[in-house]
Amino acid sequence: MRHEVRAVVALGRGEPVRVETIEVPDPGPGEALVAVQACGVCHTDLHYREGAINDEFPFLLGHEAAGLVESVGDGVTDVAPGDFVVLNWRAVCGECRACRRARPQYCFATHNATQKMTLDGTELSPALGIGAFAEKTLVAAGQATKVDPRARPEAVGLLGCGVMAGLGAAINTGGVGLGDSVAVFGCGGVGDAAIAGARLAGAVKVIAVDLDARKLELAKGFGATHTVDASSVDPVEAIRDLTGGFGADVCIEAVGHPKVFEQAFGARDLAGVLVQVGVPSPEMRIDIPMIDFFGRGGQLRPSWYGDCLPSRDFPLYADLYLQGRLDLDAFVSETIALDDVEDAFARMERGEVLRSVVVVGGDS
Ligand SMILES: NC(=O)c1ccc[n+]([C@@H]2O[C@H](COP(=O)([O-])OP(=O)(O)OC[C@H]3O[C@@H](n4cnc5c(N)ncnc54)[C@H](O)[C@@H]3O)[C@@H](O)[C@H]2O)c1
Ligand SMILES: [Zn+2]
Ligand SMILES: [Zn+2]
């Protein structure tokens, strides 16, 4: 059986997205059909619409989602109909070289659904192999991670991408520990999650850097102890001043810009860690004196999806949320309907929201 459901699709480069009726197959072996309850609007969805990721239009957008498993295919044992799940784009294979070397966060053979969802017979490309701006979506069962069903779908679904990327950048990649000083450059959803992660991990000083005063105000709510407005002061000097002249133990770049990389590089204490989580565009170059790289020591570490393992991390952060120790609700700036995604892109570009979250079945 195929299911006809409403979904947000991007038909061509730069064209406004549309809500269309798409066809979703019943799950085959290893697959799960998920009734989506909520899905956050992420910059990556906009990148797909702009053709900046690849040319495989039409795209089925949406990838920061939570919902209920509706049915599963043969051989699926980890999830069952009725389970509350958060979707992920790192369903590790367990067999590739990275997995065998106990580094599954670098798995290069992650699983997606084998069958295709379609629009008028044309195969859709689901964003990050998920495609969750839809009433139902088909994923590989390993992409659906069970979490405590008492968690609010709008909030916990955000663990599926940007919030996990930020939390993990601080905790997994940056290795922030008790007593550390941390500087986070760029206080959007990802940077604010890095701030929250640094606080969870025991950092005593958490310095938020942004060009936008509204973002700096929000960053305080996630646990920033100090803010630096990089539109009016040199952030490297400001961070030195705030850290007794040393610099921060861990600097997290959550913008994706060479100038910000250089600032984060220079704002580290001797032997400090730089975590690159902001995504650069292909033409960007970094140019730093090699002697500075050598002389300052430490580590420069890119972070993909916060080096997370969804099966380990999603239930953990959902529990911390339910205990009141991680405010996932604060990332939800507004809830919207499937029909409102295009407007939400505009609000995101104007810097007005951390996350707009589509509530499937909600009113526009
Ligand atoms: N590595 C990963 O796995 C991963 C996952 C998700 C998102 N990302 C990336 O993380 C980055 C941040 O995502 P987001 O959703 O928070 O984006 P966002 O646009 O909401 O936030 C970016 C913030 O950076 C600020 N900013 C811009 N220029 C700045 C500068 N020169 N100095 C200081 N602040 C500056 C903006 O004011 C804004 O608050 C993006 O590049 C995104 O693609 C990476
Ligand atoms: Zn693997
Ligand atoms: Zn995303």
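Note that ligands are numbered from 1 as they come in the structure, with each ligand's atoms numbered from 1 the same way. Being a predicted model, the structure only gives us computed values, none of them experimental.
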Which value, rounded to 10°, describes the NE2(H63)-the Zn ion (ligand 3)-SG(C42) angle? 110°
OG1 of T118 to CD1 of I22: how many Å apart, nearest 0.5 Å? 7.5 Å
May I ask you to identify the nearest protein heavy atom to atom 12 (C) of ligand 1, giving residue, atom name and distance to one decimal place in Å? A254 O, 3.2 Å
How many degrees, to 10°, between C99 SG and C107 SG as seen from the Zn ion (ligand 2)? 110°
Ranking C42, A165, S303 by closest non-hydrogen atom to atom 1 (N) of ligand 1, top hit is S303
Donor-acceptor side-chain pairing of S231 and D229 below 3.5 angstrom: yes
Any nitrogen or oxygen of K215 lying under 3.5 Å from a nitrogen or oxygen in ligand 1? Just yes or no. yes
Measuring from non-hydrogen atoms of R355 to any atom of ligand 1, is the shortest distance under 4.0 Å? yes
Identify the protein heavy atom lying closest to atom 18 (P) of ligand 1, giving its residue, its atom name and the separation to 0.1 Å. G188 CA, 4.1 Å
Nearest to atom 16 (O) of ligand 1 by heavy atom, L216, V163, V190, V184: which? V190
Any heavy atom of H257 sitting closer than 4.0 Å to ligand 1? no
N/O donor-acceptor pair under 3.5 Å between R214 side chain and E352 backbone: no
Is the side chain of S181 donor-acceptor paired with the backbone N or O of D249 at a distance under 3.5 Å, no angle test? yes
What's the shortest distance from atom 43 (O) of ligand 1 to any protein heavy atom, and which residue and atom give it? V279 CG2, 3.5 Å
Nearest 0.5 angstrom please: C187 SG to L218 CG, how far? 9.0 Å
Among non-hydrogen protein atoms, atom 39 (O) of ligand 1 lies closest to D210 OD2, 2.7 Å
Distance-only side-chain donor-acceptor flag, S333 / R347, under 3.5 Å: no
Location of contacts on A169 toward ligand 1, heavy atoms closer than 4.0 Å: neither
Close-contact set for ligand 1 against H43 heavy atoms, below 4.0 Å: 19 (O)
Out of L211, L218, D307, V353, indicate the one that has the non-hydrogen atom closest to atom 28 (N) of ligand 1. L211
Can you tell me, to 10 degrees, how wide the angle at the Zn ion (ligand 2) is between SG on C96 and SG on C93? 110°
Do you know which of T110, D313, T145 makes side chain to side chain donor-acceptor pair (under 3.5 Å) with N88? T145
Going by the order shown, which atoms of ligand 1 are within less than 4.0 Å of some heavy atom of C187? 23 (C), 39 (O)
For Y305, take its heavy atoms, then give the atoms of ligand 1 lying under 4.0 Å from any of them. 2 (C), 3 (O)
With rounding to the nearest 0.5 Å, note down the distance linking CD in E342 to CD in E15. 10.5 Å
Within the structure, is a non-hydrogen atom of F185 found at a distance of less than 4.0 Å from ligand 1? no
Answer with yes or no whether G189 contacts ligand 1, where contact means a heavy atom under 4.0 Å from a ligand atom. yes
Check V260 against ligand 1 and report side chain, backbone, both or neither, counting heavy atoms closer than 4.0 Å. side chain
Shortest non-hydrogen contact from D180 to G177? OD2-N, 2.8 Å
